[in-house]
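Chain letters run A, B, ... following the sequence lines, proteins first and then strands; every chain starts at 1.
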Protein chains: 2
Amino acid sequence: MSTRAAAPTRREQILKEAARLFAERGFHGVGVDEIGAAVGISGPGLYRHFAGKDAMLAELLVGISERLLTGGRYRVAEASGEPAEVLASLIDGHIDFALDDRPLITLHDRELDRLRDEDRKLVRQLQRQYVELWVDVVRQLHPGAPEAEARAAVHAVFGLLNSTPHLGSAHGAGLPGRDAAESLLRRLAHGAFGALSN
Amino acid sequence: MSTRAAAPTRREQILKEAARLFAERGFHGVGVDEIGAAVGISGPGLYRHFAGKDAMLAELLVGISERLLTGGRYRVAEASGEPAEVLASLIDGHIDFALDDRPLITLHDRELDRLRDEDRKLVRQLQRQYVELWVDVVRQLHPGAPEAEARAAVHAVFGLLNSTPHLGSAHGAGLPGRDAAESLLRRLAHGAFGALSN
DNA sequence: CAGGGCTGTTAGCGCTCGTTAACCTGATGG
DNA sequence: CCATCAGGTTAACGAGCGCTAACAGCCCTG
């Protein structure tokens with residue numbers, strides 16, 4: 001009846017908790033019993049929902065990559081043709097993602113090697129397409145920059161934006177509020193890309 | 001006789017290979033047999049040089065943190081009082097470190113939680129002091145920025161500079177040469193910090 | 001030449017962990 | 001009202017891993 005999100009399914013609960021635990025202690029550092037306990041069932045009960053521990057990680061990583069790419073494509077298509085505006089939209093979208101799904105961001109560039117070959121290839125392909133989205137826009141905005149440089153700059157800015165996990169309460173003085181973090185990251189990212197012109 | 005560095009001791013060989021393997025596959029993902037094989041001895045022979053697998057990781061992480069802090073302090077003391085110049089020196093030092101010791105950079109913010117409480121506290125303390133070095137300089141350079149913002153910006157720029165592992169040949173088109181990477185990262189970092197004034 | 005350290009080796013123990021097997025229960029639908 | 005099935009449970013297996021034990025060769029020193 002309400003307009004709130006529907007109750008999460010068991011699968012979704014498991015994925016969420018698994019993402020958090022994997023991000024905190026690493027894929028190999030978390031046991032299936034812990035994941036089960038986090039959702040109120042214990043150990044082997046997970047196998048009613050997933051083929052195995054690997055399958056959870058695979059679904060998480062493929063899901064992230066797909067969401068990033070889909071969101072990026074949407075923003076590129078939707079924004080005006082102005083490269084500056086497209087880049088700004090990509091940055092905003094990535095920041096939203098980084099702030100809303102910190103555990104996934106952590107997993108995204110940390111546990112990729114733990115996937116089966118097939119899944120890893122898929123994730124890599126999705127990541128590559130997402131990066132290409134950015135590289136194209138950056139090269140339109142900075143025609144002087146060689147492609148390798150633009151690509152490296154994109155990766156570096158990803159590192160900057162994905163630093164949000166380190167901003168959390170872990171270090172005592174996190175930023176006051178999500179809006180401040182969003183605004184700061186936006187300025188830093190634009191500042192970094194702006195330096196490409198020099 | 002020659003002026004080259006002395007032959008590395010067995011301990012140093014082990015630490016170097018362990019760092020590489022831990023960075024590639026994670027602390028829990030690497031077995032002692034693999035580390036041994038990487039230096040030509042096998043498995044339990046490592047225990048003649050280290051108390052255990054944990055001790056290797058601890059020595060690596062403490063070593064990184066100490067080198068970063070020592071190098072940072074040296075640069076702060078050595079540079080002229082001009083905040084801009086001090087920050088530039090810190091950035092250059094961090095870039096050198098990131099480019100020369102990519103595996104260590106990866107471990108530095110990825111495997112900290114696998115340490116014994118005592119070691120983790122020590123590493124955290126060293127990291128905090130290093131960050132403080134940067135925050136102090138950034139605040140001198142941008143007096144308008146609140147401390148939390150300066151600290152978050154420093155962490156974000158670390159994320160940017162530490163993105164070097166992602167620039168490697170893994171993605172096909174790495175930057176052509178170390179100098180180009182160094183120059184690019186320097187420009188991006190300065191660009192990001194410059195955006196703090198706005 | 002005798003005797004220790006070093007620095008390796010291999011065998012094996014003990015524990016953890018992912019996974020499977022076998023069983024149980026409550027809801028559902030013909 | 002009974003059959004089915006989704007979604008749990010506990011027990012247990014098999015593999016892998018960190019680490020120790022016991023032993024062996026090399027090099028130095030007295």
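Rounding to whole angstrom units, NE2 of residue B:His49 and P of C:dT7 are separated by 6 Å.
From B:Arg110, atom CZ reaches atom CG of B:Leu61 across 12.5 Å, with rounding to the nearest 0.5 Å. To the nearest 0.5 angstrom, B:Ser183 atom OG is 9.0 Å from B:Ile95 atom CD1.
Chain A approaches DNA chain D over the interval D:dG7 to D:dA11, counting the first and last nucleotide 5' to 3' with an atom under 4.0 Å from its heavy atoms.
Between B:Lys16 and B:Glu12, none of the side-chain N atoms (NZ, or NE/NH1/NH2) sits under 4.0 Å from a carboxylate O, so this pair counts as no salt bridge. Salt-bridge formation is detected for the pair B:Asp113/B:Arg124: a Lys NZ or Arg NE/NH1/NH2 atom is positioned less than 4.0 Å from an Asp or Glu carboxylate oxygen.
Listed by chain and residue number, nothing satisfies the side chain to side chain donor-acceptor pair (under 3.5 Å) test with A:Thr106 (two or more places apart in sequence, or in another chain).
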Give every donor-acceptor pair under 3.5 Å between a side-chain atom in residues 71-86 of chain B and any protein atom, sequence neighbours left out.
{"from": "B:Arg75", "atom 1": "NE", "to": "B:Ser89", "atom 2": "O", "distance (Å)": "2.8"}
{"from": "B:Arg75", "atom 1": "NE", "to": "B:Ser89", "atom 2": "OG", "distance (Å)": "3.0"}
{"from": "B:Ser80", "atom 1": "OG", "to": "B:Glu82", "atom 2": "N", "distance (Å)": "3.3"}
{"from": "B:Ser80", "atom 1": "OG", "to": "B:Glu85", "atom 2": "OE1", "distance (Å)": "2.9"}

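Using a 4.0 Å cut-off, some side-chain N or O of B:Arg10 falls inside it from OP1 or OP2 of C:dG8.
The side chain to side chain donor-acceptor pair (under 3.5 Å) analysis of residues 50-69 of chain A, with sequence neighbours excluded, yields the pairs A:Arg11-A:Glu59, A:Arg67-A:Asp101. Sorted by first and then second residue, the side chain to side chain donor-acceptor pair (under 3.5 Å) pairs with a member in residues 131-148 of chain A read A:Tyr130-A:Trp134, A:Glu132-A:Arg151, A:His142-A:Ser197, A:Glu147-A:Arg151; sequence neighbours excluded.
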Contact string for nucleotides 13-29 of chain C, one letter per nucleotide 5' to 3', B = base within protein heavy-atom range under 4.0 Å, S = sugar-phosphate only, - = neither, reads -----SBB-BB------
